[in-house]
Number of protein chains: 2
Amino acid sequence: MGSPLPRDPIADAQRNWERHGWGEVAAPMAAITAIMRTQQILLARIEGVLKPYGLTFARYELLALLSFARSGALPMNKASALLQVHPTSVTNAVDRLEKAALVVRSPHPTDGRTTLIELTAEGRTLAKRATTALNNEVFGQSGFGDDDVEHLIRVLGDFRKAAGDFTD
Amino acid sequence: MGSPLPRDPIADAQRNWERHGWGEVAAPMAAITAIMRTQQILLARIEGVLKPYGLTFARYELLALLSFARSGALPMNKASALLQVHPTSVTNAVDRLEKAALVVRSPHPTDGRTTLIELTAEGRTLAKRATTALNNEVFGQSGFGDDDVEHLIRVLGDFRKAAGDFTD
DNA sequence: GCAATATACTAGGACATCCAAGGGTTTGGA
DNA sequence: TCCAAACCCTTGGATGTCCTAGTATATTGC
């Protein structure tokens with residue numbers, strides 16, 4: 001989207017914060033901004049790898065989640081909770097996955113309010129292939145050192161827990 | 001958006017990866033997924049704080065960037081590069097900020113292709129107030145320890161540099 | 001047993017991001 | 001000098017996310 005900048009824009013922002021007397025919060029500001037930017041970079045990589053499979057990250061996540069479910073099916077509200085996205089986002093993803101014949105909607109056997117999302121055979125196959133691609137081209141070459149990975153998992157895990165994501 | 005889950009869904013995903021023989025990349029996968037989720041949580045907090053000011057994070061970032069520019073003005077392509085977003089995203093943000101009378105578009109004095117974005121007096125005031133709010137309500141209470149903040153800045157800085165964000 | 005409340009999903013709208021294309025302006029090499 | 005290539009911004013389209021209803025089904029409590 002652009003060539004490398006001569007200087008780190010986030011480090012510059014941190015300096016600006018300090019220069020304006022906000023030194024107390026300059027570092028957390030920089031850390032948070034860095035997280036936002038890193039997410040953007042990672043998402044772009046992931047989407048790039050998934051594109052040939054006709055998937056986006058949101059759809060892939062749903063497919064992967066289903067592929068780990070015992071029966072290959074989950075209620076929509078369960079998927080929404082586990083993926084931690086708004087129910088309408090799941091509706092959106094399922095609409096498109098269903099159109100691509102990768103999942104099917106089916107009524108819940110006992111609760112008339114609930115809709116089950118079920119993986120089709122093609123859906124399962126594609127999930128597997130996409131996962132292999134992601135493992136090879138993104139997760140296997142994250143660019144993070146092993147120690148840093150462990151540190152990120154711990155620090156961000158604590159953060160997510162404090163934010164109310166899970167009890168555990 | 002939902003109540004806390006009984007278990008950390010990302011830790012579960014990591015276990016699933018290991019169980020399927022992808023142990024090599026399970027940890028990086030978990031770290032990357034955690035970054036995505038953390039970004040989502042932080043963005044929601046930021047947007048929540050900015051909403052009373054009629055700003056979104058994208059618009060705030062542009063406003064803040066302009067407020068640090070000597071003249072309070074920047075060419076659109078410069079803003080695009082510094083914010084590291086697609087030019088069309090800047091066009092979109094400027095359209096809305098201009099409608100809110102927080103910035104003004106003006107022609108570049110010597111290059112007819114370029115458009116300058118200029119902060120208005122209200123824009124500058126609002127940027128200051130919004131920044132104070134973010135400093136108090138988000139950056140000042142990030143939930144990250146000081147050491148973790150330093151670590152994040154370093155690790156993510158290295159990552160962004162390796163990704164081609166900047167030379168430095 | 002029935003009304004009030006809670007849950008589950010979806011439709012419509014606001015925003016943001018990116019990509020692909022198009023029109024105007026500059027730059028540079030023949 | 002002059003036209004092709006490069007650059008800048010905008011428009012239009014595809015996606016994703018969230019919020020705010022609105023409809024349908026379950027559960028609760030009196």
Side-chain angles (χ1 to χ4, degrees), chain A residues 1-3 36-37 39-48 50-51 53-63 74-100 103-117, chain B residues 1-3 36-37 39-48 50-51 53-63 74-100 103-117:
Chain A
M1 196 165 29
S3 35
M36 311 291 274
R37 174 57 185 155
Q39 185 268 352
Q40 189 182 19
I41 294 168
L42 289 169
L43 182 59
R45 283 190 192 171
I46 291 171
E47 299 272 17
L50 292 177
K51 193 183 238 358
Y53 299 91
L55 291 175
T56 62
F57 187 46
R59 295 177 217 168
Y60 166 75
E61 277 196 295
L62 184 49
L63 234 45
L74 276 178
M76 305 215 21
N77 64 331
K78 223 34 170 175
S80 169
L82 292 172
L83 296 176
Q84 312 195 262
V85 294
H86 199 279
T88 54
S89 295
V90 177
T91 295
N92 185 327
V94 172
D95 282 349
R96 299 171 194 281
L97 288 172
E98 194 167 34
K99 220 166 280 181
V103 306
V104 185
R105 266 184 249 243
S106 63
H108 188 286
T110 67
D111 189 333
R113 297 168 299 182
T114 300
T115 298
L116 291 176
I117 324 167
Chain B
M1 198 163 26
S3 36
M36 312 290 274
R37 173 57 185 157
Q39 185 267 353
Q40 188 182 21
I41 293 169
L42 288 169
L43 182 60
R45 282 189 194 173
I46 291 171
E47 300 272 17
L50 292 177
K51 193 181 239 359
Y53 299 92
L55 292 175
T56 61
F57 187 47
R59 294 177 219 168
Y60 166 75
E61 277 196 297
L62 185 49
L63 234 44
L74 277 178
M76 306 220 11
N77 64 331
K78 224 32 169 178
S80 169
L82 292 173
L83 296 177
Q84 312 196 260
V85 295
H86 199 277
T88 53
S89 296
V90 177
T91 295
N92 185 326
V94 172
D95 282 349
R96 298 170 194 281
L97 287 172
E98 195 168 33
K99 222 166 277 180
V103 306
V104 186
R105 267 184 250 244
S106 64
H108 188 287
T110 67
D111 189 333
R113 296 169 298 183
T114 301
T115 298
L116 292 177
I117 324 168

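Below, each value reflects all heavy atoms present in this structure, side chains not excepted, and no hydrogens, waters or symmetry copies. Numbered from 1 within each chain, the chains take letters A, B, ... in sequence-line order.
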Could you tell me how far apart Arg45(B) (CZ) and dT17(D) (C1') are, to the nearest whole angstrom?
18 Å
For the side chain of Asn77(A), starting at C-beta, report the closest nucleotide among dT10(C), dA8(C), dC9(D).
dA8(C)
Rounded distance (Å) that lies between atom C1' of dA14(D) and atom CG of Asp95(A):
15 Å
Contact check, side chains of Val103(B) and Arg105(B), non-hydrogen atoms, under 4.5 Å:
no
Heavy atoms under 4.0 Å is the rule here; annotate nucleotides 13-18 of chain C 5' to 3' with B where the base is hit, S where only the sugar-phosphate is, and - elsewhere.
--SSBB
In whole angstroms, the gap separating C1' of dT17(D) from CD1 of Ile41(B) amounts to 15 Å
Looking at Arg105(B), does any N or O in its side chain come under 4.0 Å of the phosphate oxygens OP1/OP2 on dT10(D)?
yes
So, taking the atom named OH in Tyr60(B) and the one named CG in Leu50(B), what distance separates them when rounded to the nearest 0.5 Å?
7.5 Å
Rounded distance (Å) that lies between atom C1' of dT10(C) and atom CD of Glu98(A)
13 Å
Is there a side-chain contact between Met76(B) and Thr114(B), using heavy atoms and a 4.5 Å cut-off?
no
How many whole angstroms separate atom CD of Gln39(A) from atom P of dT17(D)?
11 Å
Listed pairs, N/O of protein and of nucleotides 22-25 of chain D, under 3.5 Å:
from, atom 1, to, atom 2, distance (Å)
dT25(D), O3', Gly112(A), N, 3.4

Distance col, row Arg59(B):CZ vs Arg96(B):CZ, nearest 0.5 angstrom, shows 5.5 Å
Taking the side chain as C-beta and beyond, is there a heavy-atom pair between Asn77(B) and Val90(B) under 4.5 Å?
no
So do the side chains of Gln39(B) and Gln40(A) get within less than 4.5 Å of each other, counting heavy atoms only?
no
Return the minimal non-hydrogen interatomic distance between Ser80(B) and Pro87(B), and the atom names on each side.
OG-N, 3.6 Å
Regarding Thr115(B), tell me which of base, sugar-phosphate or nothing describes its non-hydrogen contacts under 4.0 Å with the strands shown.
sugar-phosphate
Please round to the nearest 0.5 Å and tell me the distance separating atom CD of Glu61(B) and atom CG of Leu55(B).
11.5 Å
Could you state the NE2-C1' distance from His108(B) to dG24(C), rounded to the nearest angstrom?
16 Å
Nucleotide dC9(C), atom P - distance to CG of Leu83(A) in whole Å:
13 Å
Rounded distance (nearest 0.5 Å) linking atom CD1 of Ile117(A) with atom NZ of Lys78(A)
12.5 Å
Base, sugar-phosphate or nothing for Thr91(B)? Non-hydrogen atoms, less than 4.0 Å.
base
Figure out the CG/P separation between Leu50(A) and dG16(D), and round it to whole Å.
11 Å
